[in-house]
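First the proteins, then the strands, lettered A, B, ... as listed; each starts at 1. Since we're looking at a predicted model, the values are computed, not measured.
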Protein chains: 4
Amino acid sequence: MVRDDSLTSATPSAAARRAPSTSIPPGIVCAEDYAGAATGCLDPATYAHVAGGAAHDVTVEANRRAYEAWDLWPRVLRDVTVGHTRLRLADRDLAHPILLAPLAQQRAWHPDAELATARGAAASDSVLVLSTLSSVPLEAVARVAGPVRWFQLYLQAQREVTRDLVARAAAAGYAALVVTVDAPVQAASHRALRAGYRAPIDAVAANLDGYPSPARGAADAGWRASLADAMRVAPTWEELRALIRDGPLPVWVKGVAHPDDARRLVDLGVAGLVVSNHGGRGLDGAPASLAVLPRVRSAVPRPFPLLFDGGIRRGSDVFKALALGADAVLVGRLQAYALAVAGALGVAHMVRLLREELAICMALTGCSDLSAITADTLIPSSAPAIASLPVPLA
Amino acid sequence: MVRDDSLTSATPSAAARRAPSTSIPPGIVCAEDYAGAATGCLDPATYAHVAGGAAHDVTVEANRRAYEAWDLWPRVLRDVTVGHTRLRLADRDLAHPILLAPLAQQRAWHPDAELATARGAAASDSVLVLSTLSSVPLEAVARVAGPVRWFQLYLQAQREVTRDLVARAAAAGYAALVVTVDAPVQAASHRALRAGYRAPIDAVAANLDGYPSPARGAADAGWRASLADAMRVAPTWEELRALIRDGPLPVWVKGVAHPDDARRLVDLGVAGLVVSNHGGRGLDGAPASLAVLPRVRSAVPRPFPLLFDGGIRRGSDVFKALALGADAVLVGRLQAYALAVAGALGVAHMVRLLREELAICMALTGCSDLSAITADTLIPSSAPAIASLPVPLA
Amino acid sequence: MVRDDSLTSATPSAAARRAPSTSIPPGIVCAEDYAGAATGCLDPATYAHVAGGAAHDVTVEANRRAYEAWDLWPRVLRDVTVGHTRLRLADRDLAHPILLAPLAQQRAWHPDAELATARGAAASDSVLVLSTLSSVPLEAVARVAGPVRWFQLYLQAQREVTRDLVARAAAAGYAALVVTVDAPVQAASHRALRAGYRAPIDAVAANLDGYPSPARGAADAGWRASLADAMRVAPTWEELRALIRDGPLPVWVKGVAHPDDARRLVDLGVAGLVVSNHGGRGLDGAPASLAVLPRVRSAVPRPFPLLFDGGIRRGSDVFKALALGADAVLVGRLQAYALAVAGALGVAHMVRLLREELAICMALTGCSDLSAITADTLIPSSAPAIASLPVPLA
Amino acid sequence: MVRDDSLTSATPSAAARRAPSTSIPPGIVCAEDYAGAATGCLDPATYAHVAGGAAHDVTVEANRRAYEAWDLWPRVLRDVTVGHTRLRLADRDLAHPILLAPLAQQRAWHPDAELATARGAAASDSVLVLSTLSSVPLEAVARVAGPVRWFQLYLQAQREVTRDLVARAAAAGYAALVVTVDAPVQAASHRALRAGYRAPIDAVAANLDGYPSPARGAADAGWRASLADAMRVAPTWEELRALIRDGPLPVWVKGVAHPDDARRLVDLGVAGLVVSNHGGRGLDGAPASLAVLPRVRSAVPRPFPLLFDGGIRRGSDVFKALALGADAVLVGRLQAYALAVAGALGVAHMVRLLREELAICMALTGCSDLSAITADTLIPSSAPAIASLPVPLA
């Protein structure tokens with residue numbers, strides 16, 4: 001594997017994990033609490049690996065703090081007796097706009113790994129986006145997953161491997177491909193390194209088992225070898241075009257932060273986009289996802305499907321992302337924490353809490369469905385020390 | 001009771017409270033000091049319940065910090081030899097613009113509960129706004145209260161109960177209704193939950209004693225049952241219209257944060273409005289009350305009566321709220337703290353301190369009465385790290 | 001005494017003070033260091049009384065932090081071989097623009113009190129502004145003072161007392177009156193109160209010794225008695241007009257923060273103004289002096305003489321005040337600290353350090369005299385978390 | 001020596017230094033880590049002297065924090081397979097844009113002093129800029145240095161000394177002069193003073209050995225003697241003109257912060273400029289170098305060569321400086337720290353890390369060479385509490 005996901009893996013030894021709970025711990029009062037609870041379930045190095053991002057965590061921190069720039073504007077006396085969080089996305093009716101982001105090699109966090117996550121997704125009516133780097137084969141996950149599952153695809157160095165993965169995903173009932181393009185190379189997480197994190201030697205990318213290893217290229221005069229190798233197999237417009245053309249699955253692209261890239265991808269024919277900075281695990285120093293979301297949305301106006309991830313911890317975060325242009329959101333770290341704490345049950349409970357938190361925000365801003373969550377429902381934060389963000393389009 | 005006020009109640013056991021002082025503790029040098037002094041009079045869980053707001057306290061904090069965005073502009077050599085804090089509000093002459101906000105079930109903080117508060121209000125010439133969820137019947141409170149008392153009304157699930165409450169309030173000499181509309185559903189306070197706060201099993205809403213319980217509706221497909229139930233009994237424009245039409249009391253509405261809602265309520269015929277976010281106990285993530293006040297005032301120009309609450313701790317806070325558009329303010333948490341510390345005496349002393357602090361601000365800005373406290377008396381804060389708020393209208 | 005200066009006095013008992021040094025302590029590397037050194041020379045309550053301002057110290061803090069909003073813009077290769085800090089002010093040639101602000105009853109800080117300060121002023125070629133509330137009679141101070149001394153005047157309740165003070169000051173060679181108008185009433189310093197500070201019973205305002213006490217007025221219906229009393233004797237436009245008309249000394253007014261007040265005072269015929277908020281000891285919540293300075297300067301253009309005080313600790317602070325419109329500055333707390341630390345020697349050393357710090361700023365911004373310190377020498381701070389201040393006029 | 005560089009020297013006794021490592025310590029995961037690692041290799045006073053700047057470190061802090069005002073804008077799917085960090089500067093092909101800033105008397109940090117730095121520069125293909133105040137003669141350094149070396153020149157009080165230095169530099173193969181103009185006088189570092197730092201008595205400025213000492217002038221009436229002396233020998237336009245005219249080396253000027261100075265220097269015929277505030281060791285209170293860089297660049301448009309230093313710690317810092325107008329950057333404190341930690345090896349490793357960090361930023365913003373790093377690659381930071389900086393020119 002040349003391309004490497006920094007959520008790839010953690011020491012899977014017995015010492016690395018404590019036994020996950022089989023019930024919800026008593027102190028969990030909101031979705032965000034899973035982050036704290038997970039410190040008791042993961043060894044410190046593994047926790048640091050999940051929590052940290054690329055290099056200095058500049059973007060990890062920015063992702064979180066960007067939500068502080070906006071307040072929710074309460075409305076009163078509106079009739080929201082009958083409300084719901086449903087949406088139609090990619091020709092499917094979904095119960096709510098909270099998807100589970102693709103996270104690699106989840107065995108590091110729970111022995112049931114992606115099987116538990118898939119069960120939690122099914123139990124909470126969530127779309128599961130399975131990582132290429134799953135620790136469980138995509139076919140096995142499909143057997144326990146709910147009806148709506150997508151497959152996250154890292155384009156492989158050898159195009160025939162990519163094609164085979166796509167074919168397998170289609171055969172196993174994955175309804176869409178989500179091609180990650182924002183992390184062809186990653187700086188290691190300093191936080192994880194300082195906590196003593198080491199990629200475990202027995203980490204397995206089960207989906208890639210049996211494929212041949214790609215040849216390494218000759219060193220270039222410019223980049224040093226490892227960077228040149230990484231960039232040589234980075235996804236290209238051409239590969240993406242082929243993937244869209246060849247089918248059979250619709251192609252989403254994940255990792256877009258610039259309106260020009262978004263426009264060009266729409267022109268290329270992608271089914272949808274995910275505004276993301278890889279949870280701060282790609283380019284350290286990239287802006288918060290939330291900060292670029294309105295710009296990307298204004299480049300690709302509705303109804304073009306736009307998803308979003310980056311730092312979501314609360315129902316109000318989901319609300320703000322929707323108000324600033326997203327159709328739905330993906331949740332990454334909270335998913336990992338919930339899985340670590342209570343397996344499938346934790347994942348389902350975390351999504352339920354987030355969904356209820358979102359519903360309360362909707363009720364108190366007078367929104368009876370997601371389409372009511374427009375930019376008008378937000379107001380720049382009144383709190384001091386909050387810089388203003390670009391004003392969203394109405 | 002479906003609708004629930006997060007200030008509703010606290011464990012009323014002996015252990016939950018220490019004996020309140022019968023005199024002012026020596027360390028109180030300003031109104032705000034009651035917040036600190038109360039930590040010695042309330043058990044930690046009850047204190048957390050008073051101090052906390054909905055969920056993460058985002059709005060509680062915003063309410064407090066919004067005052068930092070403005071400075072008071074000193075003027076010199078003006079003749080303010082004869083000055084006063086009087087105002088005319090709702091056809092009554094009031095000694096000062098500091099009202100006591102409606103707070104539910106005050107027995108949790110002091111054995112004399114609302115009776116003590118009412119005596120403190122009378123002693124300090126303050127308007128008392130009694131909560132629907134008082135731990136003492138409104139009739140008993142009326143017997144010890146001062147001449148100006150209002151009744152805060154939660155619209156009840158059964159309209160006949162609402163009507164009966166209104167009739168009782170009118171009969172007991174309450175001069176106005178203050179209908180709270182901003183918290184049909186509330187997220188629990190995380191701070192209170194983490195401090196071990198539990199709603200006491202013997203909490204009593206004395207005014208509602210003897211009314212039948214409302215029937216619960218069938219679960220809807222969208223909101224989960226508890227939210228659907230809550231929203232089903234949330235106040236509506238129609239109910240409000242009926243209340244205004246049926247009389248006999250003038251109807252104020254509390255909990256407005258958006259200029260469009262304010263405009264529509266004025267058109268409906270309300271007697272006045274209270275800009276409020278329920279002290280941060282409604283929608284967590286709502287803007288500071290102070291931040292939206294100028295916008296609401298510009299939507300409903302003077303002389304339409306506009307009250308305000310949210311985070312007031314100091315005389316300069318009162319001054320800023322008046323300068324940004326309020327005719328008078330309501331004080332919530334400080335009232336609870338003062339009650340807990342020294343009962344009726346504490347409440348009266350707290351109001352007196354706040355009023356004196358306001359008077360000094362007036363004297364040093366050259367304002368001999370409240371009408372002189374215009375937007376010109378403020379200047380955006382010169383302190384670094386303070387974001388600018390919307391400029392008030394002159 | 002009705003009017004009361006919060007720097008008035010401190011417990012003058014032996015316990016309240018440690019013996020002041022007779023030499024400069026070794027750790028003083030810049031003028032600001034006197035603030036720290038003084039903690040070892042004053043008892044905590046007295047220190048708190050000096051350091052604190054009105055109420056919550058909001059304005060004390062704002063005064064200090066306002067300097068952070070501006071950077072000094074370095075220039076290179078300019079010929080500043082021959083430079084100086086001289087200026088002409090009130091028809092006198094001064095060696096530098098650092099005046100000693102009027103501080104009341106300095107015996108609380110050093111046994112030699114104002115005599116030591118006057119000697120320090122003389123030794124450092126500084127203008128001394130002696131307080132009405134000096135602990136030493138103005139005549140005695142005049143005997144040890146340098147050639148340029150001014151007299152700070154609180155207008156007294158009885159006009160004949162005021163007239164007598166003016167006559168005495170003129171007779172003793174004080175060249176100007178500085179009438180303080182910004183603190184007819186003051187909120188006590190919470191910091192000082194909490195530190196146990198109590199005004200000493202033997203505090204003496206030596207200049208007022210022997211004058212009759214003013215009668216107290218009847219209580220008004222509005223303000224409570226103490227505030228009404230204070231405001232009844234507050235300075236008025238009429239008194240000021242009489243003072244200017246009757247002579248014989250030129251009248252400066254200290255405590256101006258609003259351009260309209262400044263304009264009106266210039267029209268009245270004052271000799272000069274001092275932009276000041278009484279070091280944060282007047283209206284708590286007033287803007288930083290530095291924040292209003294450019295507005296006042298633009299209302300009373302050069303060459304009208306404009307002085308400034310408020311939070312000056314460093315040579316770069318002096319530089320910024322000059323660049324934003326001041327002709328010279330007054331130093332208050334640093335003076336008190338230096339006096340407490342090392343008496344006359346400390347005061348002279350503190351001024352010398354501040355003057356040298358200013359000179360280095362001048363050399364590195366290419367200013368060979370004070371007239372070169374224009375608004376062009378500043379640039380809004382590049383540091384994050386610094387809000388922008390009003391842009392100064394060029 | 002009249003002119004004095006605050007990085008001049010540190011106590012060179014055995015106690016002042018611990019033995020430098022001969023290998024890279026295990027905890028170094030990024031270039032910035034050398035700052036922490038050096039605390040174990042330098043005595044605290046020497047460390048404080050390196051880390052501190054003039055006076056209060058206002059500008060040192062501003063230099064660091066200015067980078068937080070900008071984010072890097074990720075781009076996807078660009079072909080950066082073949083990329084490099086090469087540039088052409090001053091008629092030479094350089095492998096990367098990271099130069100080693102001139103630092104005085106490096107024996108204080110490592111026994112091999114500038115010889116180690118020169119070897120590290122050669123090993124990492126870095127341009128070495130040797131200080132006039134080197135602890136090793138420039139000829140000896142030249143013998144171990146790489147092919148591209150420049151000489152930093154302090155103009156000397158006696159013009160013939162300056163001329164001799166230039167001749168020696170030219171003879172020893174230094175390809176350019178970098179004349180420092182921003183620190184004719186410096187305030188001592190308070191941090192260093194408080195840490196007990198004293199300039200060592202045996203500090204040697206090897207290049208100046210044997211030259212006569214300049215005469216001191218008579219004291220002027222204005223500045224005190226030491227400042228007058230310093231300014232009398234400060235560089236002037238005339239001296240600079242002569243230096244350019246007389247040759248033989250191209251003359252760069254270091255220490256420019258104002259666009260007007262930059263313009264005038266270009267008109268004078270300098271070969272290039274270095275935007276710098278002497279690492280915060282000149283005028284304390286000067287703006288961050290990064291904050292003035294776009295203004296200077298807009299005054300001297302490309303292709304005029306503009307270098308930059310001030311607070312660089314990370315590859316993303318280098319990237320931001322290039323995006324805001326620099327052609328290349330100089331690294332000062334990191335160089336000193338790396339030298340202290342591991343001598344030549346440390347210097348080379350630090351540069352390599354910084355270069356790799358830069359390369360990753362380039363790859364993830366889609367820049368295959370330095371010319372692609374334009375202002376379009378940045379976006380104002382989305383993080384709260386970050387004030388906006390002047391927008392760079394496109």
Side-chain angles (χ1 to χ4, degrees), chain A residues 54-56 58-59 61-63 65-66 68-69 181-188 190 193-194 217 220-224 227-228 230-237 239-240 253 255-258 260-261 264-265 277 282-288 290-292 295 381 383 385-390, chain D residues 26-33 36 67-86 95-96 313-320 323 352-353 355-366 368-370 376-388:
Chain A
H56 301 272
V58 169
T59 298
E61 178 74 3
N63 273 354
R65 304 214 58 195
E68 299 172 23
V181 296
D182 61 359
V185 62
Q186 294 179 307
H190 297 181
L193 289 177
R194 295 192 209 292
D220 280 298
W223 302 138
R224 64 191 289 241
L227 179 57
M231 299 316 295
R232 193 171 303 115
V233 297
T236 64
W237 292 105
E239 281 182 281
L240 214 51
V253 167
V256 174
H258 198 288
D260 290 349
D261 287 341
R264 192 164 165 197
L265 284 160
N277 53 34
L283 174 59
D284 194 38
L290 196 75
V292 295
R295 303 185 190 224
S381 173
I386 300 293
S388 60
L389 289 181
Chain D
I28 305 278
V29 304
C30 61
E32 191 169 11
D33 282 347
Y67 297 97
E68 299 172 22
W70 297 101
D71 287 335
L72 275 58
W73 211 338
R75 300 303 298 266
V76 296
L77 295 164
R78 291 190 173 184
D79 184 355
V80 286
T81 311
V82 181
H84 64 85
T85 59
R86 293 189 295 266
H96 59 81
R313 293 279 185 97
R314 305 176 180 180
S316 58
D317 297 344
V318 178
F319 187 97
K320 290 172 188 178
R352 183 163 70 81
L353 286 173
R355 183 181 173 183
E356 285 171 15
E357 290 166 21
L358 170 64
I360 289 180
C361 291
M362 292 173 68
L364 294 176
T365 53
S368 57
D369 63 30
L370 300 183
D376 291 341
T377 60
L378 299 188
I379 179 172
S381 173
S382 63
I386 300 291
S388 61

When rounded to the nearest 0.5 angstrom, what distance separates CG in A/Leu290 from CZ in A/Arg65? 13.5 Å

Heavy-atom pair count under 4.5 Å with chain A, highest-scoring of D/Arg78, D/Lys320, D/Glu356: D/Glu356

Could you tell me which portion of D/Glu32 (side chain, backbone, both or neither) has an atom closer than 4.5 angstrom to a non-hydrogen atom of chain A? side chain

For D/Ile379, is it the side chain, the backbone, both or neither that has a heavy atom under 4.5 Å from a heavy atom of chain A? side chain

Which atoms of A/Asp260 come close to chain D, meaning under 4.5 Å heavy atom to heavy atom: side chain ones, backbone ones, both, or neither? both

Output the distance between atom OG (D/Ser381) and atom CG (D/Asp71), rounded to the nearest 0.5 Å. 4.0 Å

Expected output: side-chain A/Thr59 to main-chain A/Ala286 donor-acceptor under 3.5 Å: yes

Any luck finding a side-chain donor-acceptor pair between A/Asn63 and A/Asn277 under 3.5 Å? yes

Classify the angle between the aromatic ring planes of A/His56 and A/His190 as parallel (below 30°), tilted (30 to 60°) or perpendicular (above 60°). perpendicular

Looking only at heavy atoms, what is the nearest atom pair of A/Asp261 and A/Trp237, with distance? O-CH2, 4.2 Å

Contact class of A/Val58 relative to chain D, heavy atoms under 4.5 angstrom: side chain

Gap between atom CG of D/Leu353 and atom CZ of D/Arg314 - 0.5 Å precision: 13.5 Å

Heavy-atom cut-off 4.5 Å, strictly under: side chain, backbone, both or neither for D/Arg313 against chain A? neither

Does any backbone or side-chain atom of D/Asp369 lie under 4.5 Å from a heavy atom of chain A? Answer side chain, backbone, both or neither. neither

If I measure from the heavy atoms of chain D, does A/Arg194 come under 4.5 Å with its side chain, its backbone, both, or neither? side chain

Looking at D/Ser316, D/Gly315, D/Ala363, D/Gly27, which makes the most heavy-atom pairs under 4.5 Å with chain A? D/Ala363

For A/Leu227, is it the side chain, the backbone, both, or neither that has a heavy atom closer than 4.5 Å to a heavy atom of chain D? side chain

